[in-house]
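Chain identifiers are assigned alphabetically (A, B, ...) following the order of the sequence lines, protein sequences preceding nucleic acid strands; residue numbering begins at 1 within each chain. This structure is a prediction, so every number in the text was calculated from the model and none was measured.
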2 protein chains.
Amino acid sequence: MQDHAGHTHPHDHNGLLTQLAQAGYRMTPQRAMIVDAIENSHNHISAEEIYSSVVTRYPHVNISTVYRTLDLLKAKGLVTETDLGNGRVSYHPTSKGHHHHLVCHECQAIIDLEESVFIELKSKLKNQYGFMADIEHLAIFGHCSKCIS
Amino acid sequence: MQDHAGHTHPHDHNGLLTQLAQAGYRMTPQRAMIVDAIENSHNHISAEEIYSSVVTRYPHVNISTVYRTLDLLKAKGLVTETDLGNGRVSYHPTSKGHHHHLVCHECQAIIDLEESVFIELKSKLKNQYGFMADIEHLAIFGHCSKCIS
DNA sequence: AGAATTATTGCAACAAGTTGCAATTAATAA
DNA sequence: TTATTAATTGCAACTTGTTGCAATAATTCT
């Protein structure tokens, strides 16, 4: 396995890859590079963007491996998946914190929300329905203040 | 145009088709049958189900027409679109009332919610962000009471 | 009613994401 | 270090949904 470092977190001993390994999953160069692309993305990253990033260093990689690694990370709760309505689903490492978005249907603006906005809803769903809502990275669609006025 | 009736609302003078016509859109047999399938569906219906229903009476129809009609109905606010996480997007006529769902990631159970659950969130988003959220048919994912215990 | 206009449709190609299966390879045992 | 085993990958085929474009047909005008 070649060295895939050179970014902000050279070896990432507490990163996603290590967490996968500790959960009993195998450490493959594909996973290392996929995870590296996700961790070094500034905010959101799509499957295609991850693939593009990996394929330059490892041309053999297939995009289905990217999707399968994302499925694994989702199932382990290590990344969140959000559909921001732009035709490609966005991914974000859970470790970088929860956040949410308002998406304007008219001007496509994306407004960031604090996590606290959904605390009340979450406890309501827990108390009234016994349901533990996975509200970690939600997109709510509608019309922004600019487009209303 | 052949008669496409035979269901609960034989001519549907106040239905989706009439509303489209009043908005200046053309009345085509395809649209009549697509809209008929939606209005006569018991709860949710998918694009494929609409297509299957229409194609038996009108074999020439193409599924892209179904998708385009759904886009139109969505844009006019006449149907709502919800991804219940089962691989196919579900549609529902707005006129039959708003409702929401909790979807269990573990057992795939779908729990129906009253609209009132989101009133508080909606006003919070309006007051704090000036954002009018289109919360008409939401699916919230998480873990149901049975799967937690 | 017949001609003109233009929205709508069917088609085929495309995009995003999923899946079954044989080949590969990381981890483990010998 | 080599052999074993089973997770993982690449590939190709598939599913759901989208889009450009030429042909069709609903509506409007005469």
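To the nearest angstrom, P of D:dA26 lies 20 Å from CD of B:Q22. In this structure, B:L20 atom CG and D:dA26 atom P are separated by 16 Å, rounded to whole Å. Look at OH on B:Y51: it is 13 Å from P on D:dT16, rounded to the nearest Å. One atom, CG of A:L17, and another, C1' of C:dA26, lie 13 Å apart when rounded to the nearest Å. One atom, CE of A:M33, and another, P of D:dT9, lie 11 Å apart when rounded to the nearest Å. Rounded to whole Å, atom P of D:dG17 lies 10 Å from atom CD1 of B:I50. Counting to the nearest Å, the P atom of C:dC14 and the CD atom of A:E48 are 15 Å from each other. Atoms CE (A:M27) and P (D:dT9) sit 13 Å apart, rounded to a whole Å.
Within the 6.0 Å centre-distance limit, the rings of B:F118 and B:H100 are counted as a close aromatic pair.
A close approach under 4.0 Å does occur between a side-chain nitrogen or oxygen of B:R88 and OP1 or OP2 of D:dT16. A sub-4.0 Å separation between OP1 or OP2 of C:dT25 and a side-chain N or O of A:Q30 is absent. Of the side-chain N and O atoms in A:T28, one or more sit less than 4.0 angstrom from OP1 or OP2 of D:dT9. Regarding contacts with the backbone of C:dT18, every side-chain N or O of A:Y67 stays at 4.0 angstrom or more from both OP1 and OP2.
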Check the pair A:T80 / A:H137 against side-chain hydrogen bond (donor to acceptor under 3.5 Å, both in side chains), numbers first and verdict last.
CA-CA 6 Å; A:T80 56; A:H137 195 181; 2.8 Å; yes
Full working for side chain to side chain contact (heavy atoms under 4.5 Å, CB included) between A:H101 and A:I111
CA-CA 5 Å; A:H101 308 279; A:I111 297 140; over 6 Å; no
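A salt bridge does not link A:R68 to A:D71: none of the charged nitrogens lies less than 4.0 Å from a carboxylate oxygen.
Map A:I63 and B:I63 each onto its nearest nucleotide of DNA chain D; the residue landing nearer the 5' end is A:I63. Where B:R31 and B:S64 each meet DNA chain C at their nearest nucleotide, the meeting point lying more 5' is that of B:R31.
Closest approach to the A:N62 side chain among D:dA26, D:dT16, D:dC11 is made by D:dC11 (side chain taken as heavy atoms from C-beta onward).
Here A:R68 lies in heavy-atom contact (under 4.0 Å) with a base.
Aromatic ring pairs are classed by plane angle as parallel below 30°, tilted from 30° to 60° and perpendicular above 60°; the pair A:H92 and A:H99 is perpendicular.
Interface remark: the A:R26 side chain does not form any donor-acceptor pair with the C:dA27 base, using a distance-only criterion of under 3.5 Å.
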